[in-house]
Amino acid sequence: MIAQVIVDVAAKQTDRVFEYHIPDELGEVEVGSRVFVPFGPRKVQGFVIGLSTKSKYQGELKDLLLVVDEMPPLTKELITLSQALANHVYSYRISILKTMLPRVMRANYRKILVPVSAKAKKLRLFQGEPLDLNRVTNNKQIAEIRHLLRSNDAKVEYLVENRAKVKTESQYLLTKTKEDYVNIYEAIRSNATKQKKLVMFLIENYAKFPLLQNEIEQDAKINTVSLTNAVKKGWLNKKQVEIYRNPLDDYDKDENQNKKIILNPDQKNALRKIIPIINEKQAQTFLLEGVTGSGKTEVYLNAISATLKIGKNALMLVPEISLTPQMVEQVKSHFGEQVAVLHSGLSEGELYDEWRRIRRGEVRVVVGARSAVFAPLTNIGLIVIDEEHESSYKQEDNPRYHARDVAIWRSKYNSCPLLLGSATPALGSRARAQKGVYQLLRLPQRANKQSLPEVNLIDLKKANFTGGQFDLSVELVTAIKNRMANKEQVILMLNRRGFANFMLCRECGYVMKCPNCDLSLTMHKDTQKMQCHYCGYTAAIPRECPNCHSKNIRFLGTGTQKVMAELNKLIPEARILRMDVDTTRRKGSFKKILDAFGDHEADILLGTQMIAKGLDFPNVTLVGVINADTGLWVPDYNASERTFELLTQVAGRAGRAEKKGEVIIQTFNPDHYAIKLAQTQDYERFYQYEMRVRHAGNYPPYFYTVLISVAAKKEQNAAREAYKIKNWLQPQLNRQTIVLGPTPSAISRLKNQYYYQILVKYKKEDQLNQLLHQIQDSAQKVKKYGLSVYIDNEPERIM
Ligand SMILES: Nc1ncnc2c1ncn2[C@@H]1O[C@H](COP(=O)(O)OP(=O)(O)OP(=O)(O)O)[C@@H](O)[C@H]1O
Ligand SMILES: [Zn+2]
Ligand SMILES: [Zn+2]
């Protein structure tokens, strides 16, 4: 047999199928397997994407060396998907295949130097074993290595290091009959109490065996020494077994179980449309547009139940799952052990375990963040995407895929419905529903008939502030105090989008910037450093202007820490929880903070955008937005959409149960339509308005867009190459197609690279895909000049 392999070398020349002969001793090799193959002078990893009996290749095929995993990590579906996606997102197929694996399984290559000649083997350099080249730093050694390589006394090899470790534990098995153990028990000296205890345990728990070490130790307070002795005496056998780490151990399983929910008529209506399509196994996409607190989750859960009922499995995506432990708890309490969870908050081991449970067909429901769209789940009968408008569903790095597009592909492949849900659908999704491509379902009211909260706008240009800072208006502070007097809770959001805490000199206007990037440095109080958010560069906080040495410098902008200090001063009795990137860095900290807030251990939850979505706390009656505007001036065509969506979502956290909610939004632009329409939380009106804006500007969803970015160390090289691309591309496109640029990106320099970009807006271009692939291919050839070209299909950000 012959294996068709995609090798793990990301380059144009290798972005194709290579054939290898499968030697008999490897047995049957399946499609989807990870393999190890000789490739030129090296050995590399690859994926088997097909099998054949004949080859067109004239010469003799090399042998496949080994199969890495017991079970092929990728399914046939995922192999097929990888091809379609590579074409769509202008990525090498190997990059896609690797993206489909959990992080832990993406092999690390270790370069090692292996002695060849007898002379080399005796060298001190090797000390009897190959040398790890990644560890070599000293110049003398490097010279010696070069010399050995040139004289062919040594060669470089690549070792694949699989980081994923299976967790094992000791398991004990019985060796004798129950009667035997009784006899043994009788024979033990009466003062050997530990032995007696152990054997009695074996007799009493005879039917429960085999048992894991910690099960025995926990149950019977029998220690390891006793167990080891028992094995020596032949009373027990011991072996190592594989166990799964359970990431949901710390979730309270029946928290929601007592809450019996009777579906309201809108929810029932939605399900009446969805369930027949699940049963008929049709690839229909639904858009569930339901206001905040309308009970979309309940619709998802019922649809998943219906899917399981017909013997099919369900895949559910949520944005950054660690942000919504509430959602995970609900799914878990409904479907219990049949659920696997995949997200970046898990440890590598936990992720690997969950992933294997899915691959082995041991679970029926998968919940996860963006990359879970590649879960190796089979027999899929329903895909759900919650908060489908979330921009985190688009991966910003190569491969630049959108989870929604992948879900649509899988829905077609599996012939099953896709259910998208949001209170603020992406404009493009809503437009597709308008055209009938998706079926629109609406939940226009909150689940319990409670009205949406009332929203007040505070004009920051005229506001009265309390305290010495310009962060908190009198109205907002008064409202917080009122709510606290009622023992109700408050969510305060500080918008960090397009925003920084930077240093400005009031004498000469100097702004402290990163020497590598074109960005101002952000001040971090906790680390006492000025930091670049893109490359990580840090510098000390200056006491005087680095430019003119004036002491008259200011740190502008506000941060959660500063607001927290301010609140502590103004309302000393307030208990405040802070939630931002700094307080949530450690695993599990999200859940801790949210649990504490849910248990009313604090009055105020103060956080960045991460608290805007999905939270459901019945006791929250006031939501305050400290600064609504920062995102409005980001130079992106969708800045208004993002702002409307964020404000509507965060407003929706207030008054979700019996008590009525109130929202206060502080803004410099109370007349901007995105803010005014967020005040009424009227998505449909925003949709109508924004569609006209997009139409006038020839923007999506009226046009498709592709962004071509060119990066180089020297600015003129990036610009020159960008013009070359445009001049080559434009004459080959239709007249109505718009090609904008090249322009320097809004952030034109990042990590010492200059960026120029071209935006192509088009309605119909049959050749474009092929032309872009050509651009990508020729970019490979000029790579030696330090140029790189990125192609982003339907970019979420044009900066
Ligand atoms: N039929 C119902 N009757 C009473 N309460 C319900 C019903 N359906 C859902 N709920 C409750 O309403 C609250 C809001 O529901 P859910 O969190 O699903 O809203 P949502 O639509 O996802 O909102 P958001 O978009 O703001 O996240 C929850 O506490 C839920 O338990
Ligand atoms: Zn930088
Ligand atoms: Zn200065």
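For the single chain, residues carry numbers from 1 onward in sequence order. Note that ligands are numbered from 1 as they come in the structure, with each ligand's atoms numbered from 1 the same way.
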What do you reckon, is NZ of Lys592 surrounded by more than 12 foreign heavy atoms closer than 6.0 Å?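 Not buried by this count: 12 neighbours or fewer within 6.0 Å.
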Does ligand 1 come near enough to [X] that some N or O of the ligand is less than 3.5 Å from an N or O of the residue?
X: Gln267; result: yes
X: Ala447; result: no
X: Gly652; result: no

So is Gly290 close enough to ligand 1, meaning a heavy atom under 4.0 angstrom away?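 Gly290 does not count as a contact of ligand 1 under the 4.0 Å cut-off.
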Just to check, does Arg653 reach to within less than 4.0 Å of ligand 1 when the distance is taken from its heavy atoms?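 Right, Arg653 reaches ligand 1.
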Check each atom of ligand 1 against the heavy atoms of [X] and keep those under 4.0 Å away; list them by number with element.
X: Asp616; result: 13 (C), 28 (C), 29 (O)
X: Gly295; result: 9 (C), 15 (O), 16 (P), 18 (O), 19 (O), 20 (P), 21 (O)
X: Gly293; result: 14 (C), 19 (O), 20 (P), 21 (O), 23 (O), 24 (P), 26 (O)
X: Leu263; result: 1 (N)
X: Asn264; result: 1 (N)

Just by distance, no angles: are the side chains of [X] and [Y] close enough, under 3.5 Å, to form a donor-acceptor pair?
X: Arg692; Y: Gln688; result: no
X: Tyr393; Y: Glu387; result: no
X: Gln666; Y: Ser473; result: yes
X: Gln284; Y: Gln282; result: no
X: Gln561; Y: Asp580; result: no

What do we get for Ile261 next to ligand 1 when only non-hydrogen atoms under 4.0 Å count, side chain, backbone, both or neither?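 It is the side chain that gets close, since no backbone atom is under 4.0 Å.
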At under 4.0 Å between heavy atoms, is it the side chain or the backbone of Leu443 that contacts ligand 1, or both, or neither?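 Looking at Leu443 and ligand 1, no heavy atom falls under 4.0 Å.
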Could you check Asn619, Asn448, Asp616, Thr621 and say which one makes a side-chain hydrogen bond (donor to acceptor under 3.5 Å, both in side chains) with Arg656?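 Of the listed residues Asn619, Asn448, Asp616, Thr621, the side-chain hydrogen bond (donor to acceptor under 3.5 Å, both in side chains) partner of Arg656 is Asp616.
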Can you list everything that forms a side chain to side chain donor-acceptor pair (under 3.5 Å) with Arg442? Sequence neighbours excluded, please.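 Scan of Arg442 (side chain to side chain donor-acceptor pair (under 3.5 Å), adjacent residues dropped) gives none.
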Between Glu690 and Arg694, does a salt bridge (Lys or Arg N to Asp or Glu O under 4.0 Å) hold up when you go through it step by step? CA-CA 6 Å; Glu690 183 69 7; Arg694 300 287 178 89; 2.9 Å; yes
Given Arg656, Glu298, Lys296, which one has a non-hydrogen atom that is nearest to atom 25 (O) of ligand 1?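 Nearest heavy atom to atom 25 (O) of ligand 1 lies in Lys296.
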Please state which option from Ile262, Asp386, Thr297 has its nearest heavy atom closest to atom 18 (O) of ligand 1.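 The option holding the nearest heavy atom is Thr297.
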